[in-house]
Amino acid sequence: MIEARHLRVLRAVATTGSFSAAARELGCTQPAVSQQMKALEQSTGTPLLIRSGREMRLTQAGEALVRHATGILAGLTAAEEEVAAIAGLRAGRVRLVSFPSGSSALVPSALAAMRAAHPGTRVSLVEAEPGRSVEMLREGDCEIALAFRYPEVEVRGDGQAAREEWDDLVVRPLLTDRLVGVLPEGHRLAGADRIGIGELAEEPWIAGCPRCRRHLVEVCESAGFTPRIDFATDDYPAVFGLVGAGLGVAVMPELALESVVPMGARTVPVEPLVQREIVALTLPDLERVPAVGAMLDRLTEATRR
């Protein structure tokens with residue numbers, strides 16, 4: 001196997017014309033240069049230098065190796081510089097996947113802080129619900145996935161539970177997000193300090209993403225009724241619009257309220273208390289990448305403001 005250090009010695013010998021001059025250029029001893037050249041010739045299985053008195057010239061194999069060494073060493077130097085830039089956060093990238101309410105309320109300030117601190121690091125964002133975002137992380141399509149889960153452990157036959165297992169991932173807790181009721185302004189309970197979810201048993205419902213929808217059904221069934229879901233949308237402004245038009249009631253994460261102005265709708269705390277845990281996920285090896293670690297820190301800081 002040809003080593004880069006041997007190629008550097010060969011190039012120095014070819015450039016300077018002697019072992020002693022090459023040793024001075026490389027900052028080592030002449031015997032060290034001689035040993036490196038012997039090791040290189042053993043690796044290639046052919047002589048690379050012809051020594052005649054004080055003169056030294058390359059064999060045909062030596063000339064070929066020096067010719068290739070220039071490109072190889074230049075590539076290694078470029079690679080070393082690029083890796084050093086990434087390690088020093090002067091370059092690199094972080095691909096982030098987030099669910100919609102996280103994208104609108106949590107991610108922007110984290111991205112702004114990351115860009116201000118490390119302008120050389122490129123950060124991109126796409127949206128996906130859990131567990132598609134977790135699939136993207138495992139498939140190598142992103143470095144960080146923002147996800148959420150409810151306290152209950154879901155066991156289902158459609159493979160969803162398997163995709164939600166996070167045991168092999170690094171889990172960075174970010175915040176606990178409470179769900180609140182969303183009612184039309186003219187609803188009989190719109191002015192209440194808080195309501196029990198059972199009080200909405202006869203109402204038509206607007207549900208969110210599939211995961212939220214399942215959880216809504218579970219919570220309602222635990223309160224003794226099955227919700228009649230007339231509309232389903234992942235778009236929170238659409239939820240407010242449907243509720244404001246008097247088409248039903250909903251529950252919505254408080255995080256979503258930070259970026260949506262309710263029109264014709266009121267929010268009311270509901271009982272029992274329903275919360276979801278919001279986390280940032282990455283792979284153990286990715287956590288050690290400086291840019292990924294820095295982005296995780298910025299996401300954590302964003303939840304403290």
Side-chain angles (χ1 to χ4, degrees), residues 89 94-118 121 123-156 160-180 208-216 218-219 234 236 251-259 269-270 272-305:
L89 289 172
V94 181
R95 295 169 297 173
L96 180 65
V97 180
S98 174
F99 54 93
S101 58
S103 297
S104 60
L106 180 60
V107 171
S109 60
L111 293 183
M114 183 71 179
R115 177 170 291 182
H118 308 291
T121 300
V123 184
S124 63
L125 170 68
V126 297
E127 287 189 348
E129 294 284 354
R132 176 57 189 147
S133 61
V134 177
E135 288 180 351
M136 292 175 68
L137 177 61
R138 291 199 175 102
E139 291 168 0
D141 294 328
C142 68
E143 284 72 47
I144 298 175
L146 258 65
F148 62 85
R149 60 183 172 188
Y150 293 100
E152 292 79 6
V153 177
E154 299 182 3
V155 180
R156 306 183 186 280
Q160 184 70 26
R163 291 196 296 273
E164 292 177 3
E165 287 297 330
W166 297 347
D167 291 345
D168 61 325
L169 304 177
V170 175
V171 181
R172 177 76 68 92
L174 297 178
L175 59 88
T176 299
D177 191 20
R178 185 179 66 172
L179 271 62
V180 296
C209 69
R211 177 183 305 233
C212 298
R213 201 175 313 153
R214 287 196 304 271
H215 190 261
L216 170 65
E218 290 174 355
V219 171
D234 296 346
Y236 288 122
V251 290
M252 180 177 290
E254 282 190 321
L255 189 65
L257 301 179
E258 297 183 17
S259 57
V270 295
L273 178 65
V274 180
Q275 295 177 319
R276 62 177 185 172
E277 179 189 12
I278 296 177
V279 301
L281 304 171
T282 191
L283 296 169
D285 289 339
L286 287 175
E287 186 187 26
R288 297 194 292 271
V289 175
V292 175
M295 190 67 239
L296 288 171
D297 290 341
R298 296 303 181 277
L299 288 167
T300 301
E301 292 166 4
T303 65
R304 296 171 180 164
R305 295 172 183 158

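We number each residue from 1, following the sequence as shown. Just so you know, these numbers come straight off a predicted model, no measurement behind them.
Annotation: side chain of R138 is in contact with side chain of L169 (closest heavy-atom distance under 4.5 Å). L179 is listed as a side-chain neighbour of Y150, based on a closest heavy-atom distance under 4.5 Å. Between S109 and R298 there is no side-chain heavy-atom pair separated by less than 4.5 Å. Using a 4.5 Å heavy-atom cutoff, the side chains of V274 and V251 are not in contact. Looking at heavy atoms from C-beta onward, M295 lies out of side-chain contact with T282 at the 4.5 angstrom threshold.
Rounding to the nearest 0.5 Å gives a distance of 4.5 Å between OG of S103 and CG of L125. To the nearest 0.5 Å, atoms CZ (F148) and CD (E277) are separated by 12.0 Å. With rounding to the nearest 0.5 Å, the separation of OG1 in T121 from CE in M114 is 4.5 Å. Between C212 atom SG and H215 atom NE2 the span is 9.0 Å, to the nearest 0.5 Å.
Residue R178 comes nearest to Q275 through the heavy atom pair CA-CG, 4.2 Å, listed as atom of the first residue, atom of the second, then distance. Between L137 and E143, the shortest heavy-atom contact is CD1-O, 3.5 Å. The two residues C209 and D234 have their closest heavy-atom pair at CA-OD1, 3.0 Å. Considering all non-hydrogen atoms of both residues, R211 and P130 come closest at NH2-C, 3.0 Å. P284 approaches V170 most closely through the heavy-atom pair CA-CG2, 3.6 Å. When every heavy atom of L96 is checked against every heavy atom of L299, the shortest pair comes out as CD1-CD1, 4.3 Å.
With sequence neighbours left out, R213 forms a salt bridge (Lys or Arg N to Asp or Glu O under 4.0 Å) with no residue at all. With sequence neighbours excluded, the residues that form a side-chain hydrogen bond (donor to acceptor under 3.5 Å, both in side chains) with S101 are R276. Considering only residues two or more places apart in sequence or on other chains, R115 meets the salt bridge (Lys or Arg N to Asp or Glu O under 4.0 Å) condition with none of them.
Among I144, L296, L286, V134, the one residue that satisfies the side-chain contact (heavy atoms from CB on, under 4.5 Å) test with L281 is V134.
In terms of modelled atom types and a separation under 3.5 Å, the side chain of D177 and the main chain of P253 share no donor-acceptor contact.
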| Could you go step by step and tell me if E135 and R132 meet the salt bridge (Lys or Arg N to Asp or Glu O under 4.0 Å) rule? | CA-CA 5 Å; E135 288 180 351; R132 176 57 189 147; 3.0 Å; yes

